[in-house]
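Keep in mind that what you see is a predicted model, and the values were worked out from it rather than measured. Each chain gets a letter, A, B and so on, in the order its sequence line appears, and its residues count up from 1.
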Protein chains: 2
Amino acid sequence: MTTATVRRTPADKHDDRRRALADSALRTLGELGYARASLREIANNSEFSHGVVHYYFHDKLELIVYCVRQYKATCVHRYDGVVADSTTPEGLVAAFADKLVETIVEEAPMHRLWYDLRSQSMFEADLREAVLGIDQTLEDMIWRVVSTYAELSGRAPAMTPHVAYGVLDGLFQQALLGHLCEQEGVLDGLRTQVRDLMPMVLLPAQSR
Amino acid sequence: MTTATVRRTPADKHDDRRRALADSALRTLGELGYARASLREIANNSEFSHGVVHYYFHDKLELIVYCVRQYKATCVHRYDGVVADSTTPEGLVAAFADKLVETIVEEAPMHRLWYDLRSQSMFEADLREAVLGIDQTLEDMIWRVVSTYAELSGRAPAMTPHVAYGVLDGLFQQALLGHLCEQEGVLDGLRTQVRDLMPMVLLPAQSR
DNA sequence: GACTTTTCTGGACAACCGTCAAGATTTCTC
DNA sequence: GAGAAATCTTGACGGTTGTCCAGAAAAGTC
């Protein structure tokens with residue numbers, strides 16, 4: 001009880017439970033999307049009953065926002081390893097492109113959920129604060145890649161973090177849709193697109 | 001009756017009615033989005049009763065797809081004037097950027113509806129055919145701008161039509177969200193972004 | 001081991017949904 | 001203008017939704 005190592009206050013348990021609920025909710029949300037995933041369906045695909053949702057969350061919106069925040073909080077570090085391990089600009093671009101493709105394959109339901117939520121925020125004002133916050137962390141994530149790439153190349157970025165994120169996000173979204181539509185070659189296409197595009201996000205090498 | 005000028009077959013009238021219904025449905029859809037716009041709400045904001053929808057459309061999905069197809073069919077020619085009237089590369093880019101900003105301001109509900117539908121198509125397989133078709137026409141639209149810009153510049157495009165569309169669509173989507181969130185400066189930001197980015201979609205001028 | 005507090009269950013509720021169909025109304029045809 | 005065909009209205013249907021709540025069950029406390 002008094003050991004500092006395992007200190008489990010009631011508040012901690014409560015948070016754990018919220019996390020567990022959100023975790024299984026994410027599965028259903030990724031499968032059905034924001035609008036069609038009912039609280040009953042979410043509860044059915046979990047170990048909880050449908051009533052317990054309102055014990056841990058005020059309403060459906062709070063649950064969904066909590067879920068996506070929780071997922072995105074972990075995945076903003078997806079490219080940290082790429083950034084840390086790369087020693088050449090070409091190597092970084094290749095590793096970055098591979099990682100992009102990997103996450104499309106392995107986490108397509110989570111990504112489409114994110115784009116679903118972001119689209120909904122254009123209609124629902126209550127979603128905007130959360131969406132803008134998450135979007136900013138993703139922009140920062142991309143910028144860590146771009147700025148490291150610039151350093152390794154000895155060149156300066158040719159665009160702002162905002163533009164770099166917008167451009168790459170556009171390509172990513174396009175590839176995600178293509179992948180879900182089972183179009184041939186979209187994944188290799190994305191890899192090629194990123195490799196070709198990345199040099200353009202930097203200014204030409206200075207001749208001196 | 002036999003005059004060739006005004007030939008109104010019953011089929012024509014039927015199509016006119018569909019168009020009129022879709023037209024007023026688009027208003028509600030642009031306001032509420034795909035999931036939250038019920039057929040009753042759509043009918044209430046129109047001159048029709050809620051039952052008539054099923055007389056002209058098989059189900060809700062067919063109505064929505066018809067609506068978005070109808071809207072996008074007209075707006076794919078939004079930049080045709082820009083392309084036709086421009087005589088210099090700089091003029092084309094400026095006119096293109098202005099037009100992008102203009103449509104964000106004037107048709108934000110329609111654009112968010114399109115992004116909503118495209119996101120939903122990642123969950124609903126029945127939507128994908130229509131979405132991919134529309135996406136292709138938008139890609140063609142953008143490519144008409146880019147290829148004309150290339151010709152006026154005497155330079156070659158540095159990327160495929162697909163990539164050019166993906167990149168610009170990413171920026172556009174970002175600006176649309178920012179505009180709807182009433183962020184300051186997003187519109188001028190988009191204008192600047194497009195002016196700065198467009199030169200990068202072409203290869204450097206050949207020195208000879 | 002009794003008492004309190006937290007956690008959970010399962011049902012009930014009102015509201016809303018897409019769809020359908022019977023019948024009223026309008027338009028067309030001759 | 002009578003009959004036929006079309007267009008439209010209205011109400012009903014089964015189903016689903018988010019939310020709430022009374023009470024059961026479990027956990028914590030002394």
Quiz item: If you look at every strand shown and take non-hydrogen atoms under 4.0 Å, does B/Tyr56 touch a base, only sugar-phosphate, or nothing?
Solution: sugar-phosphate
Quiz item: Which sits closer to the 5' end of DNA chain C, B/Asp59 or A/His50, going by the nucleotide each is nearest to?
Solution: A/His50
Quiz item: Roughly how many Å is it from NZ in A/Lys60 to P in D/dT19, rounded to a whole number?
Solution: 8 Å
Quiz item: Does A/Lys13 have a side-chain nitrogen or oxygen under 4.0 Å from the phosphate oxygens OP1 or OP2 of D/dG28?
Solution: yes
Quiz item: Which part of the nucleic acid does A/Arg17 contact within heavy-atom distance under 4.0 Å: base, sugar-phosphate only, or nothing?
Solution: sugar-phosphate
Quiz item: Is it the case that B/Asn45 and B/Thr28 place a side-chain donor and acceptor less than 3.5 Å from each other?
Solution: yes
Exercise. For A/Arg36 and for A/Gly51, locate the closest nucleotide of DNA chain D by heavy-atom distance; then report the residue assigned to the nucleotide nearer the 5' terminus.
Key: A/Arg36
Exercise. Decide whether a cation-pi geometry holds between A/Arg144 and A/Tyr79; the criteria are a distance under 6.0 Å from NZ or CZ to the six-membered ring centre and an angle within 45° of the ring axis.
Key: no
Exercise. Can you label the angle between the A/His111 ring and the A/Phe172 ring as parallel, tilted or perpendicular, going by 30° and 60°?
Key: perpendicular
Quiz item: D/dT9, C/dT9, C/dT19: which one has an atom nearest the side-chain heavy atoms of B/Ser49?
Solution: D/dT9
Quiz item: Relative to the 5' end of DNA chain C, which residue comes earlier, A/Arg40 or A/Val52, by the nucleotide with the nearest heavy atom?
Solution: A/Val52
Quiz item: When B/Arg112 is tested against each of B/Leu180, B/Leu29, B/Leu117, B/Leu177 for side-chain contact (heavy atoms from CB on, under 4.5 Å), which residue passes?
Solution: B/Leu180
Practice problem: Would you indicate what A/Ser38 reaches in the nucleic acid, counting non-hydrogen atoms under 4.0 angstrom: base, sugar-phosphate, or nothing? | Solution: sugar-phosphate
Quiz item: Does B/Tyr55 place a side-chain N or O at less than 4.0 Å from the phosphate oxygens OP1/OP2 of D/dC8?
Solution: no
